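So the structure is just underneath, and the comments pick up after that.
Computed from a prediction, not measured in an experiment: that's the story for all the values here.
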Amino acid sequence: MQRCEELGLMAGSKGNPPVGALIVKDNKIIAEAEEAGKTKNDITCHAEIEAIRTAVRQLQTNDLSDCVLYTTHEPCVMCSYSIRFHKIKKVVFLNEVPFLGGVTSSMPVLTTEEVPPHWNKPPEIIHLKK
């Protein structure tokens, strides 16, 4: 999580929200990213999605079911959709995002069972508290 926080600081120093994320497979970091929506002028460039994009390229598959995503902030609804679609098995985050968070908001995309039948079960969710 320390690396996620470092990535978040780098994102913040560029004028982006201070979010950092990384993806681990077999205890090795295979992708890491910082929030880049403002600098890339693309709302889809959240840290989690950027990390997923890198992991998909690195592993040459859309199936990330052997992976864990770590992030400084609770994935939003958009990121949660991507996490579920790519079948990430575990999500570990620090800060809640009450209005649009995929766990704590009124749209819990990360934890709901109301998803397309080809999706996996919800990932394991770990909310770290400082």
For this session: Write out all pairs satisfying ring pair (Phe, Tyr, Trp, His ring centres under 6.0 Å) with one or both partners inside residues 72-117, taking only residues at least two apart or from two chains.
Result: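 Non-adjacent pairs meeting ring pair (Phe, Tyr, Trp, His ring centres under 6.0 Å): Y81-W119, F93-H127.
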
Which pairs count as side-chain hydrogen bond (donor to acceptor under 3.5 Å, both in side chains) when at least one residue sits in [range], sequence neighbours excluded?
| range | answer |
| --- | --- |
| residues 42-53 | K40-E50, D42-T44, T44-R53, E48-T71, E50-R53 |
| residues 10-32 | R3-E32, K14-E34, N16-T39 |
| residues 107-117 | none |
| residues 98-108 | E74-T104 |

Co-members of the apolar cluster containing [X] [side chain, <4.5 Å]:
| X | value |
| --- | --- |
| I49 | M78 |
| I29 | M1, L22, V24, V68, Y70, V92, L94, I126, L128 |
| M10 | L7 |

If you look at every heavy atom in [X] and [Y], which pair is closest and at what distance?
| X | Y | answer |
| --- | --- | --- |
| A51 | A33 | N-CB, 3.5 Å |
| S80 | P75 | OG-O, 3.4 Å |
| C67 | I88 | O-CG2, 3.4 Å |
| P17 | A11 | O-CB, 3.5 Å |
| A31 | A55 | CB-N, 3.7 Å |
| P108 | V103 | CB-O, 3.8 Å |

Problem set entry | Atom pair OG1 (T72) and CD (Q2), whose distance is rounded to the nearest 0.5 Å |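 Those atoms lie 13.5 Å apart.
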
Problem set entry | Distance, nearest 0.5 Å, that separates CG of L110 from SG of C76 |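 Going from the CG atom of L110 to the SG atom of C76 covers 9.5 Å.
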
Problem set entry | Within residues 56-72 or reaching into it, pairs that qualify as salt bridge (charged side-chain N to carboxylate O under 4.0 Å, His left out) - sequence neighbours excluded |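 Those involving residues 56-72 do not exist here.
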
Quick one: side-chain hydrogen bond (donor to acceptor under 3.5 Å, both in side chains) partners of [X], sequence neighbours excluded?
| X | result |
| --- | --- |
| N95 | none |
| T61 | none |
| E5 | K130 |

Exercise. Is a donor on one side and an acceptor on the other found under 3.5 Å between the side chain of E35 and the backbone of P18?
Worked result: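 Such a contact is absent between E35 side chain and P18 backbone.
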
Problem set entry | Hphob cluster co-occupancy, I125 + L69, side-chain heavy atoms under 4.5 angstrom |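 Cluster IDs for I125 and L69 match.
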
